[in-house]
Amino acid sequence: ISLRESDEQVARELFFLTLASRQNISFETNMTDRQEDFVNYFALLAERENRRIERTRKILALISRPGTAEAYADSLEILKLYYRISADQSDQSALQELDVRIGQIPIDLVVAQAAIESGWGSSRFARDASNFFGEQCFSHECGLKPLSVNLNSNVRIRIFDNPAESVASYFRNLNTHAAYSELRQVRRKRLKANENVRASNLIPSLIEYAETGKDYLKLLKTVSSAPL
């Protein structure tokens, strides 16, 4: 790779990651250009989050060494808190569960779910709440009220400060929620067998992500298989 090409790649990544800190993101109005911008943008955010997880796994490996748990007790407690592991679990049990939960998500899967859930960035929740994955919360003050919910419902769409926060929360959701336990087990088995983890391997485990069930999985398979 030439120096000029390398400089261009760095400049491009910095451009998109600078955008990530902004609350309101607008993409091209032309659908083809919109989709290209969207894919580039969220692929870079997903790549950054995967790199963060890679660094976290190195910390986990350090904590997991025999005789080091006590020295790194504070770090272990932070990981347990972030990855929603009970404080009552033993260190050994927590380390085993963290090994399953601290994992990367295929970039094409991240981009596909962001595209579907946000209408390629055009939805009200993407525009007004930087929420690109349809994440919900359950109190009247925690987010935006969906127009379609019952007046008495406390379901809200969670508000994020910027798209990067939405991506990080999506990763945490897939890596911790009980509904996606099978996804994490599939990923772990493939990694243990030195096999690549692709979107197609994980999609069947996302049956509970949307109310449309199997239809959602079909759409997700179609969008994720399109070339990035």
Side-chain angles (χ1 to χ4, degrees), residues 16 19-20 22-29 31-50 53 103-138 142-149 153-184 187 198-228:
F16 281 110
L19 285 179
R22 301 180 185 174
Q23 185 168 0
N24 297 312
I25 299 297
S26 60
F27 299 100
E28 292 290 340
T29 54
M31 194 57 187
T32 300
D33 292 339
R34 168 188 286 275
Q35 291 182 354
E36 183 178 353
D37 285 350
F38 190 96
V39 167
N40 289 335
Y41 180 60
F42 277 91
L44 285 167
L45 291 184
E47 183 181 352
R48 185 173 71 166
E49 190 64 21
N50 278 329
I53 287 175
Q104 298 179 333
I105 307 295
I107 290 176
D108 49 350
L109 180 58
V110 180
V111 173
Q113 288 206 265
I116 293 170
E117 296 294 334
S118 72
W120 294 97
S122 67
S123 72
R124 170 187 168 226
F125 302 128
R127 290 183 284 104
D128 296 344
S130 290
N131 188 324
F132 289 83
F133 297 92
E135 283 198 65
Q136 298 177 345
C137 52
F138 300 95
C142 70
L144 297 181
K145 181 179 179 180
L147 300 177
S148 58
V149 302
S153 173
N154 64 349
V155 174
R156 297 292 185 271
I157 298 298
R158 187 176 171 188
I159 296 174
F160 296 99
D161 287 338
N162 53 62
E165 277 193 9
S166 182
V167 171
S169 183
Y170 160 82
F171 271 69
R172 189 186 187 201
N173 185 33
L174 292 194
N175 280 330
T176 61
H177 198 289
Y180 313 118
S181 176
E182 181 184 346
L183 178 147
R184 297 190 291 273
R187 178 180 63 195
R198 299 185 174 88
S200 58
N201 305 133
L202 304 183
I203 286 174
S205 304
L206 291 169
I207 188 71
E208 294 190 44
Y209 199 94
E211 294 179 354
T212 50
K214 291 182 179 180
D215 289 338
Y216 180 78
L217 298 188
K218 290 179 182 178
L219 178 59
L220 190 52
K221 183 177 180 181
T222 299
V223 176
S224 66
S225 61
L228 290 181

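Owing to the predicted nature of the structure, the values given are computational and were not obtained by experimental measurement.
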Close side-chain approach of [X] to [Y], heavy-atom, < 4.5 Å:
X	Y	value
L174	R187	no
V223	V111	no
I203	Y216	no
V110	F171	yes

| message | Before you tell me yes or no, could you show the steps for I105 and N175 under side chain to side chain contact (heavy atoms under 4.5 Å, CB included), namely the whole-Å CA-CA distance, both residues' side-chain angles and the distance that decides it to 0.1 Å? | response | CA-CA 9 Å; I105 307 295; N175 280 330; 4.2 Å; yes

Main-chain N/O of [Y] paired with [X] side-chain donor or acceptor, under 3.5 Å:
X	Y	value
R158	A129	no
Q104	N50	yes
N131	I159	no
S225	K221	yes
R127	S122	yes
N201	R198	yes

If I compare all heavy atoms of [X] with all of [Y], which pair ends up nearest, and what's the gap?
X	Y	value
G121	A126	O-CB, 3.9 Å
F132	E117	O-CB, 3.4 Å
A112	L220	CB-CD1, 3.7 Å
V155	P146	O-CD, 3.4 Å

| request: Start with the C-alpha distance between L109 and L206, add both sets of side-chain angles, then the distance that settles side chain to side chain contact (heavy atoms under 4.5 Å, CB included), and finish with yes or no. | output: CA-CA 11 Å; L109 180 58; L206 291 169; 3.9 Å; yes

How long is the straight-line distance from [atom2] of [Y] back to [atom1] of [X], given to the nearest 0.5 Å?
X	Y	atom1	atom2	result
Y209	F133	OH	CZ	6.5 Å
L45	N40	CG	CG	11.0 Å
R172	E165	CZ	CD	12.0 Å
L217	E208	CG	CD	10.5 Å
S200	D108	OG	CG	8.0 Å
L183	L202	CG	CG	4.5 Å

| Strictly by modelled atom types, are E135 and S169 linked by a side-chain donor-acceptor pair under 3.5 Å? |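 There is such a pair (donor and acceptor under 3.5 Å, judged by atom type) between the side chains of E135 and S169.
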
| said: Heavy-atom count check: over 12 atoms from other residues, nucleotides or ligands less than 6.0 Å from Q136 CD? | reply: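 Check passes, neighbour count above 12.
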
